[in-house]
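See below for the structure under consideration.
Every heavy atom of this structure was used, including side-chain atoms; hydrogens, water molecules and symmetry mates were not.
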Amino acid sequence: MYMLGKAPAKRDERTLRLTAIMAGPEVPESYDFDAGKNIPTPMFANDVYGDCVIAGRAHMTLRLEYTEQGRIIGLHDGDVIREYDHESGGVDGGLVMIESLNAWRRGWKAAGGHYNIHAYAAMNPQEVNEVKAAIALLSGAYVGLALPLSAQEEISGGQPWTDTSDDPGSWGGHCVYIPAYDPDGLTCVTWGRKQRMTWEFFAAYCDEAFAVCDDRDRWLASSPVDVGALDRLLTEVTQS
């Protein structure tokens with residue numbers, strides 16, 4: 001069963017833009033964070049609850065911590081359900097991605113630890129190089145899709161998302177984590193599996209997309225993020 005749970009996109013003019021903090025380098029034509037790593041793709045209870053916003057966070061946390069700790073942490077359904085209940089107030093009505101990202105900055109308890117991100121930045125889904133940069137240089141993209149009804153038919157039939165003829169959101173809003181892309185499209189992790197989509201599908205139905213900077217200290221020595229610019233912008237946002 002496919003449960004949705006991304007509330008309509010909410011905009012905040014203070015949100016950092018990825019282009020304001022990226023300092024290069026060039027991105028490759030193809031990239032797959034998971035290649036050779038055997039990272040699992042749990043359902044994280046998204047077949048029972050509309051917890052896709054936290055499930056997407058969990059999939060990304062597995063990759064961020066693999067980069068930082070060199071191991072796959074023991075994230076489980078219970079961790080995701082507990083955080084979803086906390087952020088939703090116990091009402092299974094979905095979450096606003098940008099509000100959940102702010103909660104992620106404060107941190108959440110999972111796999112016996114406390115995990116938070118240093119910052120996040122919005123991307124323009126229509127700018128392919130921005131999306132590629134987030135995936136290849138910052139361990140993936142955290143993305144919201146206004147899915148069409150055709151997407152339900154395609155995934156149920158084991159097909160990639162290619163049809164762009166239906167109205168955005170005619171099925172509903174959904175959050176996914178994207179660890180890979182190539183010239184033909186992108187691969188997201190959702191509903192306990194890898195799901196392919198074309199670039200055309202992504203452009204038609206992605207209504208919000210974010211890059212995540214996990215740990216500030218890790219970016220100080222060598223990073224695609226301009227840490228000085230990031231700190232200045234974060235200070236401005238905090239003061240406003």
Side-chain angles (χ1 to χ4, degrees), residues 1-10 15 18 33-34 39-67 72-73 75-88 92-111 115-117 119-123 125 131 134-135 138-147 151 155 161 169 171-181 186-197 201-202 205-214:
M1 186 173 181
Y2 306 113
M3 297 291 288
L4 303 174
K6 184 188 85 71
K10 182 178 180 181
T15 303
L18 182 60
F33 181 94
D34 290 356
I39 297 178
T41 58
M43 177 66 78
F44 287 133
N46 199 196
D47 55 344
V48 179
Y49 300 96
D51 64 359
C52 60
V53 172
I54 306 301
R57 178 197 298 185
H59 287 299
M60 192 165 194
T61 297
L62 285 175
R63 276 77 179 175
L64 293 173
E65 294 309 313
Y66 184 93
T67 298
I72 298 170
I73 62 173
L75 255 170
H76 300 293
D77 287 6
D79 298 318
V80 172
I81 294 169
R82 182 175 58 251
E83 182 64 19
Y84 178 56
D85 284 344
H86 171 68
E87 292 187 26
S88 68
D92 187 11
L95 295 171
V96 175
M97 283 186 68
I98 197 168
E99 293 176 353
S100 190
L101 278 160
N102 289 329
W104 193 358
R105 284 197 69 206
R106 294 188 293 271
W108 66 307
K109 294 180 180 179
Y115 299 99
N116 68 291
I117 55 175
Y120 64 88
M123 295 180 282
V131 178
I135 297 169
L138 291 169
S139 303
Y142 187 58
V143 165
L145 302 171
L147 288 176
I155 194 170
W161 286 332
W171 183 12
H174 188 51
C175 174
V176 301
Y177 162 72
I178 301 180
Y181 67 84
L186 310 95
T187 300
C188 72
V189 181
T190 186
W191 291 311
R193 56 173 287 177
K194 297 284 184 74
Q195 174 67 22
R196 286 280 295 171
M197 71 183 85
F201 181 95
F202 180 81
Y205 299 115
C206 178
D207 62 350
E208 51 186 331
F210 299 92
V212 169
C213 179
D214 181 25

Given Phe201 and Leu147, is the side-chain contact (heavy atoms from CB on, under 4.5 Å) satisfied, shown in steps? CA-CA 10 Å; Phe201 181 95; Leu147 288 176; 3.9 Å; yes
Passes ring pair (Phe, Tyr, Trp, His ring centres under 6.0 Å), Trp171 versus Tyr205? Steps please. CA-CA 11 Å; Trp171 183 12; Tyr205 299 115; over 10 Å; no
Determine, stepwise, if the pair Val212 / Leu138 fulfils side-chain contact (heavy atoms from CB on, under 4.5 Å). CA-CA 7 Å; Val212 169; Leu138 291 169; over 6 Å; no
Report the C-alpha separation of Asp77 and Val48 in whole Å, then their side-chain angles, then the decisive distance to 0.1 Å, and conclude whether the side-chain contact (heavy atoms from CB on, under 4.5 Å) test is met. CA-CA 11 Å; Asp77 287 6; Val48 179; over 6 Å; no
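In this structure Lys194 satisfies the salt bridge (Lys or Arg N to Asp or Glu O under 4.0 Å) test together with Asp34, sequence neighbours excluded.
Note that the CD1 atom of Ile81 and the CD1 atom of Ile54 stand 11.5 Å from one another [nearest 0.5 Å]. Rounded to the nearest 0.5 angstrom, Ile155 CD1 and Arg193 CZ are separated by 4.5 Å. A distance of 9.0 Å separates CE of Met97 from CH2 of Trp104, quoted to the nearest 0.5 Å. Atom CE of residue Met123 and atom SG of residue Cys206 lie 7.5 Å apart, to the nearest 0.5 angstrom. Taken from CG in Asp207 to CG in Leu145, the straight-line distance is 7.5 Å, to the nearest 0.5 Å. Taken from CG in Asp51 to CG in Leu95, the straight-line distance is 8.5 Å, to the nearest 0.5 Å.
In this structure, Arg105 contributes its side chain and Tyr120 its backbone to no donor-acceptor pair below 3.5 Å. A donor-acceptor pair is defined here as one N or O able to donate and one able to accept, closer than 3.5 Å; no such pair exists between the side chain of Asp47 and the backbone of Met1. At least one donor-acceptor pair under 3.5 Å links the side chain of Asn46 to the backbone N or O of Tyr49. Of the possible polar contacts, one joining the Asp79 side chain to the His76 backbone as a donor-acceptor pair under 3.5 Å is found. Side-chain N or O atoms of Arg57 include none that pairs as donor or acceptor with a backbone N or O of Val53 at under 3.5 Å.
Side chains of Tyr84 and Asp92 form a contact here, defined as non-hydrogen atoms less than 4.5 Å apart. With contacts defined as side-chain heavy-atom distances shorter than 4.5 Å, the pair Cys52/Thr190 does not qualify.
Taking all atoms of both residues into account, the shortest heavy-atom contact from Tyr115 to Ala110 is CE1-O, 2.9 Å. Across all non-hydrogen atoms, the minimal contact from Tyr142 to Ser100 is OH-OG, 4.5 Å. Ala7 and Glu208 get closest at one heavy-atom pair: O-OE2, 4.2 Å. Residues Pro125 and Phe202 approach most closely at O-CE2, 3.5 Å, considering heavy atoms. For Phe210 against Ala122, the heavy-atom pair with the smallest separation is CD2-CA, 3.9 Å. When every heavy atom of Ala58 is checked against every heavy atom of Leu75, the shortest pair comes out as O-CD1, 3.4 Å.
The aromatic rings of Phe33 and Tyr66 sit perpendicular, their planes meeting at an angle over 60°, well past the 30° parallel limit. A parallel orientation is assigned to the rings of His174 and Trp191, their planes being inclined by less than 30° (bins at 30° and 60°).
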